[in-house]
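First up is the structure itself, then whatever we jot down about it.
Chain letters run A, B, ... following the sequence lines, proteins first and then strands; every chain starts at 1.
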Protein chains: 2
Amino acid sequence: MLETTHGELSRRERQIMDIVYQLGSASAADVRARLPQPPSYSAVRAMLRVLEDKGHVEHRQDGPRYMYEATVPVEAARRSAVDRLLRTFFDNSLGEAFATLLDAAPSKLSREELDRLADMIEQAKQEGR
Amino acid sequence: MLETTHGELSRRERQIMDIVYQLGSASAADVRARLPQPPSYSAVRAMLRVLEDKGHVEHRQDGPRYMYEATVPVEAARRSAVDRLLRTFFDNSLGEAFATLLDAAPSKLSREELDRLADMIEQAKQEGR
DNA sequence: GGGGACGTGCTAAAAAAACAGCATCTACTG
DNA sequence: CAGTAGATGCTGTTTTTTTAGCACGTCCCC
């Protein structure tokens with residue numbers, strides 16, 4: 001397997017990739033603004049260059065500055081991150097994972113979203129039949 | 001905030017913590033056996049010592065050997081990991097997260113589990129009312 | 001009761017990561 | 001048109017991580 005995500009990244013690299021994924025597209029300044037205990041500007045740019053060398057991000061020119069984004073599309077990265085989480089913390093049991101997730105942000109769950117989730121499950125039942 | 005999990009760990013440290021969480025309790029040998037490209041035995045023990053110094057794991061004597069476990073209980077670590085995942089990859093939207101999760105291991109979803117999930121959602125609806 | 005298997009602690013070295021500084025280029029502003 | 005603000009590329013240094021080695025202890029079994 002190709003181990004698409006995170007496993008091999010260093011601490012800062014991971015922090016940066018998280019930000020890049022979160023923002024979708026980010027300049028060095030954007031990244032620095034969100035890094036905990038941000039290092040110098042130079043340092044951030046250096047790390048972005050390294051990440052680009054390693055093939056984790058790529059940049060395009062946007063006016064005067066570079067905008068970076070991840071080379072692995074967010075869907076794949078999500079997928080991979082979820083797999084890992086499931087394996088590490090939930091022994092691959094979806095049930096527990098759902099429970100924790102439901103518990104994670106209960107206030108944020110609107111009625112509509114709950115309905116949507118119910119639909120998803122209903123559909124999964126149909127397919128599995 | 002105390003930043004309970006992972007964010008500040010180095011690459012190897014993170015790999016090791018993942019294993020410790022996965023196993024619940026692990027000897028140096030256990031850890032080494034599961035590390036990708038495992039280093040020497042000594043190296044693993046050294047890292048475990050470092051992790052213990054930093055307060056991430058603690059050991060107890062088990063016959064001749066040390067058994068390590070995480071100091072932060074698994075529930076809290078899960079919670080924290082889920083929060084992070086949600087924030088980083090799903091913009092805190094549960095809907096997307098559920099969808100990805102449902103998609104992640106479709107074959108493993110038994111009918112019973114699906115029913116259980118449906119119950120959870122039903123219950124959440126009741127509570128939210 | 002000698003030897004091997006398996007554990008530990010400690011220490012030092014090698015490798016990788018993280019950082020900062022400097023020279024330069026460009027665009028805008030007053 | 002200067003001058004300033006904000007970029008970049010590159011390079012070297014410092015710090016942290018990661019690793020291995022050695023000395024010692026204990027248990028077991030032949």
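You can see that DNA chain C meets the heavy atoms of chain B within a 4.0 Å-exclusive cut from C:dG7 to C:dC10, reading 5' to 3'.
Classification of the A:Y66-A:H59 ring pair by plane angle, with boundaries at 30° and 60°, yields parallel.
If you take CE of A:M67 and C1' of D:dA7, they are 13 Å apart, rounded to a whole angstrom. The nearest whole Å value for the distance from the OH atom in A:Y66 to the P atom in D:dG6 is 19 Å. If you measure from atom CZ of A:R32 to atom P of D:dT8, you get 13 Å, rounded to the nearest angstrom. Taking atom CD of residue B:E8 and atom P of nucleotide D:dT16, one finds them 14 Å apart after rounding to whole Å. The interatomic distance linking A:L51 (CG) with D:dG9 (P) rounds to 14 Å, in whole Å. Taking atom CD of B:E13 as the reference point, atom C1' of D:dT19 lies 14 Å away to the nearest angstrom. Taking atom CG of residue A:D62 and atom C1' of nucleotide D:dG6, one finds them 14 Å apart after rounding to whole Å.
For the pair B:E8 and B:K54, the salt-bridge criterion is not met [side-chain N within less than 4.0 Å of a carboxylate O]. Using a cut-off of 4.0 Å between Lys/Arg side-chain N and Asp/Glu carboxylate O, A:D18 and B:R87 are scored as not salt-bridged.
Side-chain contact between A:T100 and A:F90 is present, with heavy atoms from C-beta onward closer than 4.5 Å. A 4.5 Å side-chain heavy-atom check between B:L101 and A:L86 finds at least one atom pair inside the cut-off. With a 4.5 Å cut-off on side-chain heavy atoms, B:L23 and B:R34 count as touching. Annotation: side chain of B:E58 is in contact with side chain of B:E52 (closest heavy-atom distance under 4.5 Å).
Interface residues of residues 36-49 of chain A facing DNA chain D, ordered by number: A:Y41, A:R45, A:R49; criterion, heavy-atom separation under 4.0 Å.
Nearest-nucleotide positions on DNA chain C for B:H59 and A:K54 put B:H59 closer to the 5' end.
For the residue pair B:D83/B:S80, the side-chain donor-acceptor check at 3.5 Å is not satisfied.
An OP1 or OP2 oxygen of D:dT19 is reached within less than 4.0 angstrom by a side-chain nitrogen or oxygen of B:R12.
Shown here for B:R12 and B:P36, the closest heavy-atom pair between the two residues is NH1-O, 3.0 Å.
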